[in-house]
Amino acid sequence: MKIKLQETPVREIFEGYRDSAENGVVGYGGRLNIRPAFQREYIYKDKQRDEVIRTVQKDFPLNVMYWVLGDDGNYEVLDGQQRTISICQYVNGDYCIDHRYFDGGLTDDEREQILDYRLMVYICEGTDREKLDWFEIVNMVGEQLTAQERRNAVYTGEWLTEAKKYFSRNGCPAYAIASDYMKGSPIRQEYLETALRWITARDGKDIRDYMGEHQPDTNCNELWLYFQTVINWVRATFPKYRKEMKGLDWGIFYNKYGAGNCDPKQLEVRIVELMEDDDVTRNAGVYEYLLGGEEKHLSIRAFTSKMARAAYERQKGICPKCGKHFAIDDMQADHITP
């Protein structure tokens, strides 16, 4: 693992700057991938963006940035994306500060001062795992990256580009078919991370290992087809949608129970019964309970000894399952199974 520090002036980073929206942002003569295609969008608020420029204008130091050197001799921003885009957008004339645009609002000396401002950049090269391990322990500043955004910065390639088309942009196919069942934001890579977590749980793998194995692939068909299968299974198994279904670990459920032969009509009857049961305190747990039979998912309200005694007296000591009489010490108070 090699890490070196270099000072890079703004004018060099802005050279060849091009913002292609969802298709990515590049600079540094086309050699720096500032924002890869379908990664998260620019999220700095105006105040944060303006403070970056004011810091540069005062010649105060910005926090260091981190680039990865690829095998092709090009670079990709690991950390510093939002600050870099803020600077490039200002120089490009996309916004003004204090009613002054870069061109037309600043003097020649002020423009030159900004273009000559040097950014402190750490450049690292090494194996994918080395870069990811290093990236995860670096003291990140500004807008924090999610774990999946950090993985995306390391496992770049055509497979990841294809995966982002399905899982990582506004209105992406994954959002179109699964937004009722998932929480989080596609552009913060939460849909992609969830799909990867589900498929790697099926195979007993780590997300990093899966991404590393598939990094050379030219498509993400396995992941996308698996994801569609999970969502189709959910819709077929539980055709009546309820708000409690949003955000459940459907892929994990599918891995465990997808091969079973469930009757949707019978399941719906039981769902209604359990949703109406006052002793069930976690309605979202009804689905996993019906699939796996573990009562812990329902968070059943516990019986007190007084409640158990009252139930025993109401039943006159008769078990509702077998119809026989038992002493109270031989009876078990249970909400679900008589």
Side-chain angles (χ1 to χ4, degrees), residues 22 38-41 43 144-149 151-152 163-203 207 210 220 222-301 335-336:
E22 287 188 334
F38 305 112
Q39 204 181 71
R40 68 173 177 175
E41 297 177 344
I43 59 176
Q144 296 294 308
L145 300 180
T146 66
Q148 188 57 43
E149 285 172 331
R151 288 189 285 263
N152 287 356
K164 288 177 179 177
K165 290 180 181 178
Y166 287 108
F167 295 98
S168 303
R169 61 178 174 178
N170 287 324
C172 62
Y175 182 86
I177 68 172
S179 58
D180 285 343
Y181 306 100
M182 299 180 68
K183 293 182 179 179
S185 165
I187 64 172
R188 291 308 302 268
Q189 310 307 313
E190 290 167 298
Y191 274 49
L192 177 58
E193 182 176 42
T194 297
L196 286 168
R197 182 168 57 81
W198 288 351
I199 199 170
T200 53
R202 180 198 68 180
D203 300 334
I207 291 179
Y210 184 90
C220 68
E222 180 188 53
L223 180 63
W224 175 235
L225 291 173
Y226 166 81
F227 184 80
Q228 291 180 90
T229 300
V230 170
I231 301 304
N232 289 335
W233 171 78
V234 175
R235 289 174 169 169
T237 306
F238 302 105
K240 182 173 180 178
Y241 179 78
R242 292 177 173 85
K243 64 179 182 179
E244 288 83 4
M245 298 172 72
K246 190 176 184 70
L248 297 182
D249 250 337
W250 292 112
I252 304 302
F253 299 168
Y254 173 77
N255 295 342
K256 291 181 179 179
Y257 313 115
N261 185 22
C262 298
D263 184 336
K265 292 182 179 179
Q266 292 182 4
L267 289 174
E268 176 60 23
V269 172
R270 293 290 289 126
I271 290 171
V272 172
E273 292 175 352
L274 292 168
M275 292 285 186
E276 292 178 349
D277 191 331
D278 292 336
D279 293 322
V280 175
T281 63
R282 182 173 177 267
N283 286 341
V286 164
Y287 297 94
E288 189 169 8
Y289 165 72
L290 291 175
L291 292 167
E294 295 182 86
E295 197 170 295
K296 65 180 182 180
H297 300 300
L298 300 175
S299 297
I300 295 297
R301 186 172 57 194
H335 295 262
I336 304 302

Test of understanding: with side-chain contact (heavy atoms from CB on, under 4.5 Å), list the residues that count as partners of Asn283, not counting sequence neighbours. Glu244, Met275, Val280
Any pair with a residue in residues 254-279 that passes ring pair (Phe, Tyr, Trp, His ring centres under 6.0 Å), sequence neighbours left out, goes on the list, sorted by first then second residue, please. Trp233-Tyr254
By side-chain contact (heavy atoms from CB on, under 4.5 Å), which residues pair with Ala163, not counting sequence neighbours? Trp159, Leu192, Cys220
Non-neighbouring partners of Glu294 that pass salt bridge (Lys or Arg N to Asp or Glu O under 4.0 Å), sequence neighbours left out: Lys296
Decide yes or no for Glu149 and Arg188: does some side-chain heavy atom of the first lie under 4.5 Å from some side-chain heavy atom of the second? yes
Any donor-acceptor pair under 3.5 Å from Asn255 side chain to Gly251 backbone: yes
With Arg282, which residues qualify under salt bridge (Lys or Arg N to Asp or Glu O under 4.0 Å), at least two apart? none
Any donor-acceptor pair under 3.5 Å linking the side-chain atoms of Ser168 with those of Gln189? yes
Do the non-hydrogen side-chain atoms of Met245 and Val234 ever get within less than 4.5 Å of each other? yes
Tyr226 side, atom OH; Leu196 side, atom CG - distance, nearest 0.5 Å: 10.5 Å
CA sep, side-chain torsions, deciding dist, call: Phe238, Tyr287, ring pair (Phe, Tyr, Trp, His ring centres under 6.0 Å): CA-CA 9 Å; Phe238 302 105; Tyr287 297 94; 5.0 Å; yes
Review item, side-chain donor-acceptor pairs of residues 174-183, under 3.5 Å, at least two apart:
| residue | atom | partner | partner atom | Å |
| --- | --- | --- | --- | --- |
| Ser179 | OG | Tyr175 | O | 3.2 |

Is any side-chain heavy atom of Phe167 closer than 4.5 Å to a side-chain heavy atom of Gln148? no
Under the salt bridge (Lys or Arg N to Asp or Glu O under 4.0 Å) definition, can you give me all pairs with a residue in residues 191-200, not counting sequence neighbours? Arg151-Glu193, Arg197-Asp249
For Tyr166, all residues meeting ring-ring contact (aromatic ring centres under 6.0 Å, His included), sequence neighbours excluded: Trp224
Side-chain donor-acceptor pairs under 3.5 Å in residues 259-268, sequence neighbours left out?
| residue | atom | partner | partner atom | Å |
| --- | --- | --- | --- | --- |
| Asp263 | OD1 | Lys265 | N | 3.0 |
| Glu268 | OE1 | Arg242 | NH1 | 3.2 |
| Glu268 | OE2 | Arg242 | NH2 | 2.6 |

Give a yes or no answer on whether the side chain of Asn170 reaches the backbone of Ile187 with a donor-acceptor pair at less than 3.5 Å. no
Using side-chain heavy atoms (C-beta onward) and a distance below 4.5 Å, is Leu223 in contact with Phe227? no
For a quick test of reading the model, state the closest non-hydrogen atom pair linking Pro173 to Lys165 and the distance between them. CD-O, 3.4 Å
Contact between Leu290 and Leu274 at the side-chain level, heavy atoms closer than 4.5 Å - yes or no? yes
Nearest 0.5 Å please: distance from the CH2 atom of Trp250 over to the OG1 atom of Thr194. 14.0 Å
